[in-house]
2 protein chains.
Amino acid sequence: MTADHEILTKPEGRYHHGDLRTALLRATETLIAEHGTGAVSLREVARIAGVSHGAPAHHFGNKDGLMLAFAQEGWDRMIEAILNAVDADRPGDGPAFLVSVGKAYVRFAITNPGQFDVMFRRDLYDLKDTGYLGAGDSAWVFLEDTIQRCIDEGFAPRDAAQSFTIIAWSMVHGLAALWNSGRVRSRFEKLDPDVLNEQMNEALTTMMFPGRPVQK
Amino acid sequence: MTADHEILTKPEGRYHHGDLRTALLRATETLIAEHGTGAVSLREVARIAGVSHGAPAHHFGNKDGLMLAFAQEGWDRMIEAILNAVDADRPGDGPAFLVSVGKAYVRFAITNPGQFDVMFRRDLYDLKDTGYLGAGDSAWVFLEDTIQRCIDEGFAPRDAAQSFTIIAWSMVHGLAALWNSGRVRSRFEKLDPDVLNEQMNEALTTMMFPGRPVQK
DNA sequence: CAGCCCATCTAGACAGTGTCTAGTTTTGCG
DNA sequence: CGCAAAACTAGACACTGTCTAGATGGGCTG
């Protein structure tokens, strides 16, 4: 119905689509957003893109491949979103940097609940796939570097890198997952998620670095 | 193959199963454990239970109903597991009580990854279902009471009930979810999950209640 | 104990799905 | 221009969820 949709539909009378892979990923995103993850089918995304029912298999191998590609795209998008947020916030010290990262993580999750969900759904595709694990690994490494910076600045014990990384990731991931599950949200109908996100990340970081000098 | 399996299979020559509802839930559990959540189908659980393909619909309405019942059973089991753990640990103060609860939460999640997953999969069934939300609510209320006890004992500010509840739940839920996703586990192949669970919950509670007197 | 209601379960049909195959169209490259 | 490979089509098949109509028998009423 939108211009986007037209671009993603195969031009009439043509045999080749042009950018079918992208079109199928966008169709997947639309389906998940409008009807949930369960509504995704190879035949439906093919229909939306205006191609035959067998076409998607050529680009993704099978349905698992489509979901995996969608998850990988999600990791790329999330890392990009975090980098942008950090750029915008210009945090002064390590803990402030961590707050910026945590807020961006949760914001990405609650603004892209469908894709975030797929990124952690190990039943949708082969977990051993190197690309999938690789994408998640870069997120881990990024987070670990953030913690390491806090350690280098004297905010945390020198041997805390791994445990603090797990703690930080667990905190923001749990908050995001619970919010998206609808269980937390249902108790804060009138609360702006961004406000909750801000408050939680500030509180969590304060707990992690109790001796931290307060930033203006 | 096991005795359990035989009990759950319809007695030969009989028309009525006896306890088909339970048999179907157990078949669901087995399928998820052995082949993942995606392997669950009404026809396959019917096959395992030795009944016709249409029988499950009578007990659960449709597939969503089966998954919802499985999720509800999960909530019941988790609350029971937490109560048992608290009984066994006999924690002295509020924070120790919280550690006991948190450890039991994570332990349930990593020993029942399939069921835990389904409990938070809002795409598998209608989120507005009162039974589903009700089960989750009792968990929230239980956790909030635990936090309230910490407040009453002077370990946390009086107005911290809600935010501390979110923080605590986010922590343990995030840890459980990340572990089950395989991303954390892949980095600690040789580490006993129970050890990580213990250490994390102690560390997290120490962060939440920094002034807490150390327990023996 | 007899009769009957209704929960339980069967069996067939139907549209929709993933995946496989063989074949058709088009692109890109020497 | 020629041609191999990539992109896509179209049909088939087994499987799925759900809907129907009907068969069975457990348990309650009288």
Side-chain angles (χ1 to χ4, degrees), chain A residues 7-28 30-32 34-71 118 121 123-126 129, chain B residues 7-28 30-32 34-71 118 121 123-126 129:
Chain A
I7 289 171
L8 296 178
T9 307
K10 187 175 75 169
E12 205 149 342
R14 304 205 40 155
Y15 195 88
H16 282 21
H17 179 285
D19 193 5
L20 181 57
R21 198 190 137 89
T22 302
L24 295 171
L25 286 174
R26 296 289 66 77
T28 302
T30 304
L31 276 175
I32 292 179
E34 292 178 0
H35 302 101
T37 311
V40 177
S41 78
L42 290 178
R43 295 175 109 102
E44 185 62 24
V45 295
R47 232 168 268 134
I48 293 175
V51 294
S52 76
H53 70 268
H58 183 261
H59 287 273
F60 301 107
N62 53 24
K63 188 177 180 181
D64 286 9
L66 171 65
M67 299 312 277
L68 172 58
F70 188 64
V118 174
R121 282 273 293 275
D123 60 305
L124 287 181
Y125 33 73
D126 186 2
D129 186 288
Chain B
I7 290 171
L8 297 177
T9 306
K10 189 174 76 168
E12 207 150 341
R14 304 207 39 158
Y15 195 89
H16 283 17
H17 180 286
D19 194 5
L20 182 54
R21 198 190 136 90
T22 301
L24 295 172
L25 286 174
R26 294 290 65 76
T28 302
T30 304
L31 276 175
I32 293 180
E34 292 178 0
H35 302 101
T37 312
V40 177
S41 79
L42 290 178
R43 294 174 110 102
E44 184 62 24
V45 294
R47 233 169 268 135
I48 293 175
V51 294
S52 75
H53 69 267
H58 182 262
H59 287 272
F60 301 106
N62 52 25
K63 188 177 179 180
D64 285 10
L66 171 64
M67 299 312 277
L68 173 59
F70 188 65
V118 174
R121 282 273 292 275
D123 60 306
L124 285 181
Y125 33 70
D126 186 1
D129 187 286

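Quick note on labels: first sequence line is chain A, next is B, and so on, each numbered from 1. Values below: every heavy atom of this structure, side chains too, minus hydrogens, waters and symmetry copies. Note that the coordinates shown come from a computational prediction; the quantities given were computed from them, not determined experimentally.
With the nearest nucleotide of DNA chain D identified for both B/Gly61 and A/Gly54, A/Gly54 has the one nearer the 5' end.
Considering CG of B/Leu31 and CD of B/Glu44, their distance stands at 5.5 Å, rounded to 0.5 Å.
In this structure, the nucleotide among D/dT9, C/dC9, C/dT19 sitting nearest to the side chain of B/Ser52 is C/dC9. Which of D/dG17, C/dC9, C/dT19 sits closest to the side chain of A/Asn62 comes down to C/dT19. The side chain of B/Arg47 lies closest to D/dT16, out of D/dC8, C/dA7, D/dT16. The side chain of B/His58 has C/dC9 as its nearest neighbour among C/dG18, C/dC9, D/dG17. Relative to the side chain of A/Leu20, the nucleotides D/dG17, D/dC8, C/dC9 differ in distance, and D/dC8 lies closest.
Summarising the geometry, the separation between CG on B/Leu42 and P on C/dA11 is reported as 17 Å, rounded to the nearest angstrom. To the nearest angstrom, P of C/dG18 lies 11 Å from CE of A/Met67. The CG atom of A/Leu31 sits 10 Å away from the P atom of C/dT17 (whole-angstrom rounding). Nucleotide D/dA6 holds its P atom 16 Å from the CZ atom of A/Arg21, rounded to whole Å. If you measure from atom CG of B/Leu124 to atom P of D/dG17, you get 13 Å, rounded to the nearest angstrom. Distance, B/Asp64 CG to D/dT16 P: 17 Å, rounded to whole Å. Across the protein-nucleic acid pair, A/Glu44 atom CD and D/dT16 atom P stand 21 Å apart, rounded to whole Å.
Judged by distance alone, with hydrogens and angles left aside, A/Arg43 brings a side-chain donor or acceptor within reach of the base of C/dT19, the pair sitting under 3.5 Å. A donor and an acceptor atom never sit less than 3.5 Å apart when one is taken from the side chain of A/His53 and the other from the base of C/dG16.
A/Leu24 approaches A/Pro56 most closely through the heavy-atom pair CD1-CA, 3.8 Å. Contact record, A/Met67 with A/Val40: SD-CG1, 4.1 Å, taken as the closest heavy-atom pair. Closest heavy-atom contact between A/Val45 and A/Leu42: CG2-O, 3.1 Å. The two residues B/Thr22 and B/Asp19 have their closest heavy-atom pair at OG1-OD2, 2.8 Å.
Looking at heavy-atom distances under 4.0 Å, B/Ala55 makes contact with a base.
Taking side-chain N and O atoms only, B/Ser41 has a distance below 4.0 Å to OP1 or OP2 of D/dT16.
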